[in-house]
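Inspection log for the structure reproduced underneath, given as structure tokens.
First listed ligand is number 1; within each ligand, the first listed atom is number 1. Sequential numbering from 1 along the given sequence is applied to the chain's residues.
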Amino acid sequence: MTELADLAEGIRADPAAHRVLTGDRPTGPLHLGHYFGSLRNRVHLQRLGVEMFLVIPDYQVITDRDLADRLAEHTENLVVDYLATGIDADRATIFTHSSVPALNQLLLPFLSLVSVAELHRNPTVKDEIAHSSQAAVNGLMLTYPVHQAADILFCKAGLVPVGKDQLPHLEVARTVARRFNERYPHPDGTPVFPRPRALLSAAPLLLGTDGGKMSKSRGNSVPLAADEDTTARLLKGAKTDADRRITYDPVGRPEVSNLLLLAGLCQDRAPEELAEEIGDGGAAALKRTVTEAVNEHLRPIRARRAELAADRGHIRQVLRTGSERANAIADATLTEVRAVMGSL
Ligand code: TRP
């Protein structure tokens, strides 16, 4: 587990040594929480010169829902969000799970390295099961962390930017890599897989407009793609409290502080300073400030988003190119895996 600030120097010295992989489920539009929590970080990493892989895990969607609805639309919109926020498609490899057969084949040897008891113990899977919209838990859900290990290991990524909730999955990827290397080393003893490290975002967690965890499915987020009026309406409806004097107090006044934090992130200013400025203006003044800050910050991103969204041919081409690159790498890794395993 590492934070970006600790790594920046090492990355600058040798960007090529840092291959990064992360991904987002194609289940709906990305929102401000994704943007400040991870998208900005990725763009920053890419600008430092690391090689970036972005998996759109379409097979993960069928772990916890009966229906993978509007998959193509959600997938394309994710690519639009990536490019609009600054990911450079010429340097990043963006692809879906399902378009890289060799990645999925790695699941078979990997599954043999993990016990059924370990699969049952995974806290992230337990949590996902608790929030699942399915009546029964399917087999893919239980084995999902191993699938995610294949996402990470097929390209031998060393760094995986994730939220805290994903740390148990990353631990599975590390375990699979270690056990694979022990059981199937190259004849000269060198390991096939690096042990990937989690890269935790230093950005503070944003809450939803209801004061709960911001989430695509809870209707409490501001989507990146929302227009300015919708943004204003969503933020106007945000929960606050009755105290007219605005102060930054994340523990005592989480909702008010969250809005201050959001405005601060947009303007690159300290939330305390904004609180001071708003003073006795109350929730209405606070919401006006936040709305302006968000809309202003997102204006260029949204303009670019609209342009990109109008050219679906280009978006599909980005995915085709990404999938070709990912396939070439996955094929090479699978060839290596088959060789060390003694497959003919
Ligand atoms: N499981 C992650 C999520 O639910 C998405 C994901 C899939 C991912 N494969 C990954 C994240 C590989 C990091 C690395 O958000």
With no hydrogens and no angle check, do the side chains of Thr209 and Asn220 hold a donor and an acceptor under 3.5 Å apart?
no
Could you tell me, atom by atom, which parts of ligand 1 come under 4.0 Å of a heavy atom of Val162?
13 (C)
Does a donor on one side chain sit under 3.5 Å from an acceptor on the other, for Asp24 and Tyr82?
yes
Per-atom contacts, ligand 1 versus Asp151 - under 4.0 Å to a heavy atom
7 (C), 9 (N), 10 (C)
Which ligand 1 atoms does Leu21 reach within 4.0 Å, using its non-hydrogen atoms?
12 (C), 14 (C)
Specify the protein heavy atom at minimum distance from atom 5 (C) of ligand 1: its residue, its atom name, and the distance to 0.1 Å.
Gln60 OE1, 3.5 Å
Just checking, is any N or O donor in the side chain of Asn104 or His147 under 3.5 Å from an acceptor N or O on the other one?
yes
Over all atoms of both residues, closest heavy-atom pair of Pro101 and Ser99
CD-O, 3.4 Å
Common cluster, Tyr184/Leu106, ILVMFWY with side-chain heavy-atom separation under 4.5 Å
yes
Any donor and acceptor pair, going by atom type alone, linking the side chain of Ser115 with main-chain N or O of Glu118 inside 3.5 Å?
yes
Protein contact of atom 7 (C) of ligand 1 - nearest heavy atom, named by residue and atom, plus distance:
Tyr144 OH, 3.1 Å
Got an N/O contact under 3.5 Å between His169 and ligand 1?
no
Taking heavy atoms and a distance under 4.0 Å, where does Asp24 meet ligand 1: side chain, backbone, both or neither?
neither
Nearest-neighbour protein heavy atom for atom 15 (O) of ligand 1, which is reported as residue plus atom name and distance
Gln166 NE2, 3.9 Å
Partner of Leu71 under side chain to side chain contact (heavy atoms under 4.5 Å, CB included), picked from Thr96, Val61, Thr27, Ile56, is Val61
Gln148 N/O under 3.5 Å from ligand 1 N/O
yes
Under a 4.0 Å heavy-atom limit, does Tyr59 contact ligand 1 with its side chain, its backbone, both, or neither?
neither
Would you mind listing which atoms of ligand 1 come within a distance below 4.0 Å of any non-hydrogen atom of Val160?
13 (C), 14 (C)
Main chain of Leu113, side chain of Arg179: is a donor-acceptor contact present, judged purely on distance under 3.5 Å?
yes
